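Scroll down for the structure; my scribbles are underneath it.
Source: prediction; values computed, not measured. Starting from 1, each residue takes its place in the sequence as its number.
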Amino acid sequence: MEDQKPEDFKRELGLLDGTMLVVGSMIGSGIFIVSADIARQVGSAGWLILIWLISGLITMIAAVSYGELSAMFPKAGGQYVYLKEAYNKLIAFLYGWSFFAVIQTGTIAAVGVGFSKFAAYLVPPLSDENILYEIGSFKLNAAQIVSIITIILLTYINSRGVKNSKIMQTVLTVIKILSLFGLIIFGFILAAKAEIWNANWTNAFSSRAFNTESGSWMPIGGTALLTGISAAMVGSLFSSDAWVGVTFIAGEIKNPKRNVGLSLFLGTFIVTIIYVLTNLMYLAVIPLDEIATAKSDRVAVVASQYTFGDMGTIIIAVMIMISTFACNNGLIMAGARVYYTMAKDGLFFKKAAVLNDASVPAWALWIQCVWASVLCLTGKYGDLLDFVIIIVLIFYILTIYGIFILRKKMADVERPYKAFGYPFLPFLYIIIASAVCISLLLTKFSTCGWGVLIMLTGIPVYYMTKPKE
């Protein structure tokens, strides 16, 4: 029977599915939480909105730049394939290695824990304070179990074929978009107050940082402001990440030369609009000090309580559960395609290169599930975000620089779509993302340094496991 396994993916995803995968993978729990940290770092309405805008714009620049690559190489594996074509197998392997070690699996774990944190609002025993088992310094809590169960469930659904996960992704993402717009509109209609809006915008760009120990604000400028901005951008960039997932499943998209690039543009554009509008609503409803000091950073809960009263908390909890569930479905679906392509190149476990009867890489899905579940147990998902964002940015920079390399290296290859604003916009992205990387290494070396180290440990692994030529 072995030889009857499907050899190739089925092209079952249209433009709507691709766009919903981008939107659904991008919007997790970040937009509901991250604004509190940004407000503490920069302390003004103008900077808060500007940081979300800059993050959205550079994400869109990156996404439309990837459109050129996705049209040139419309097959499974996405970014991994682009790096291999522009550079070599080692760089592509380092991406795949980091992707499996922390980028995708760490993000899946963080989103899973986000889901369980808000599930605990509705069912308190599911909280991370409910310790079920303790041995030495290791504590197993209910939230970790919930997140692992959701990851296993989504992996199972995805292993049954792309159709089920596609329908679920599109339905949940549409619900997510509509509920976010509902939150924004009702916030403006029911809870916005002119005096709060005016007070928040009075000194729109006078930057200050919040000292959590003393509970007071300190004015900042110059280097301190730059440090604050780059620290604040970790959250907004992370909330705007995972758009690249649609390139991994290019092998399952109809007319990929057109639809992958278009999904990238439409998806990142929709999310940027939603994020900026959500933050404008926060500023119309909540005094800035309350945004910065929101309990457990749950800004959306505060906004929702102002808008809907006591029901607000439950409304947000349900929204975040739907949001993170759809987000993880997209991440789990897309991630497995990278290991599949690596395995085809002899750079990952052989079994990951096999498609099951439903034409999906089931083995790759399950090994991703196991490692993401292990990362859930570390409980250090906050640090995981710092680990992840630096590696993600480094590979985005390399991939976008790859467009310049491939324009020379493969000058004659057909490009159905060309990077928008080339060479200016891709180059602008490289400069901004590099600046963020450098300041992250300077300000958060203890975590970001580990991220870079994890990536570099892939070099000896590559040479030890490389198939003999």
Name every donor-acceptor pair, under 3.5 Å, that has one atom in a side chain of residues 51-65 and the other anywhere in the protein, sequence neighbours excluded.
residue	atom	partner	partner atom	Å
Trp52	NE1	Ser35	OG	3.3
Trp52	NE1	Asn279	OD1	3.2
Ser55	OG	Ile51	O	2.9
Ser55	OG	Ser236	OG	2.7
Thr59	OG1	Ser55	O	2.6
Ser65	OG	Ile61	O	2.7

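Taking 4.0 Å as the cut-off between side-chain N and carboxylate O, Arg407 and Glu68 count as a salt-bridged pair. Here Lys166 does not pair with Glu252 in a salt bridge; the nearest charged N to carboxylate O distance is not below 4.0 Å.
For the salt bridge (charged side-chain N to carboxylate O under 4.0 Å, His left out) condition, the pairs that include at least one residue of residues 282-297, sequence neighbours left out, are Arg40-Asp297, Arg208-Asp289.
For the atom pair CG (Leu440) and CD1 (Ile389), the distance works out to 8.0 Å, reported to the nearest 0.5 Å. Distance check: Leu172 CG to Asn328 CG gives 12.0 Å after rounding to the nearest 0.5 Å. Rounded to the nearest 0.5 Å, atoms CG (Leu94) and CD1 (Ile454) are 13.0 Å apart.
With Ser323 contributing its side chain and Ile27 its backbone, the two residues share a donor-acceptor pair below 3.5 Å. Side-chain atoms of Ser70 never come within 3.5 Å of backbone atoms of Thr247 as a donor-acceptor pair (strictly under, hydrogens ignored). Counting only distance, with no hydrogens or angles, the side chain of Ser304 and the backbone of Val301 share no donor-acceptor pair below 3.5 Å.
Among Val388, Leu375, Val392, the single residue meeting the side-chain contact (heavy atoms from CB on, under 4.5 Å) criterion with Thr107 is Val388.
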For a ring pair (Phe, Tyr, Trp, His ring centres under 6.0 Å) check, start with the C-alpha distance between Tyr121 and Phe118, then their side-chain angles and the critical distance, and finish with the verdict. CA-CA 5 Å; Tyr121 259 147; Phe118 283 88; 5.7 Å; yes
So Glu414 and Met72, side-chain contact (heavy atoms from CB on, under 4.5 Å) or not? Walk me through it. CA-CA 7 Å; Glu414 183 207 357; Met72 285 173 74; over 6 Å; no
What verdict does the side chain to side chain donor-acceptor pair (under 3.5 Å) test give for Tyr396 and Asp241, after you've listed the backbone C-alpha separation in whole Å, the side-chain angles of each residue and the deciding distance to 0.1 Å? CA-CA 11 Å; Tyr396 283 164; Asp241 192 36; 2.4 Å; yes
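Atom OH of Tyr422 has more than 12 heavy atoms from other residues, nucleotides or ligands within 6.0 Å.
Here the two rings, on Tyr95 and Tyr80, have centers that are 6.0 Å apart or farther. Here Tyr340 and Phe9 bring their ring centres to under 6.0 angstrom of each other. Aromatic ring centres of Phe99 and Phe248: separated by under 6.0 Å.
With hydrogens and angles left out, the side-chain atoms of Thr155 and Gln368 include no donor and acceptor closer than 3.5 Å.
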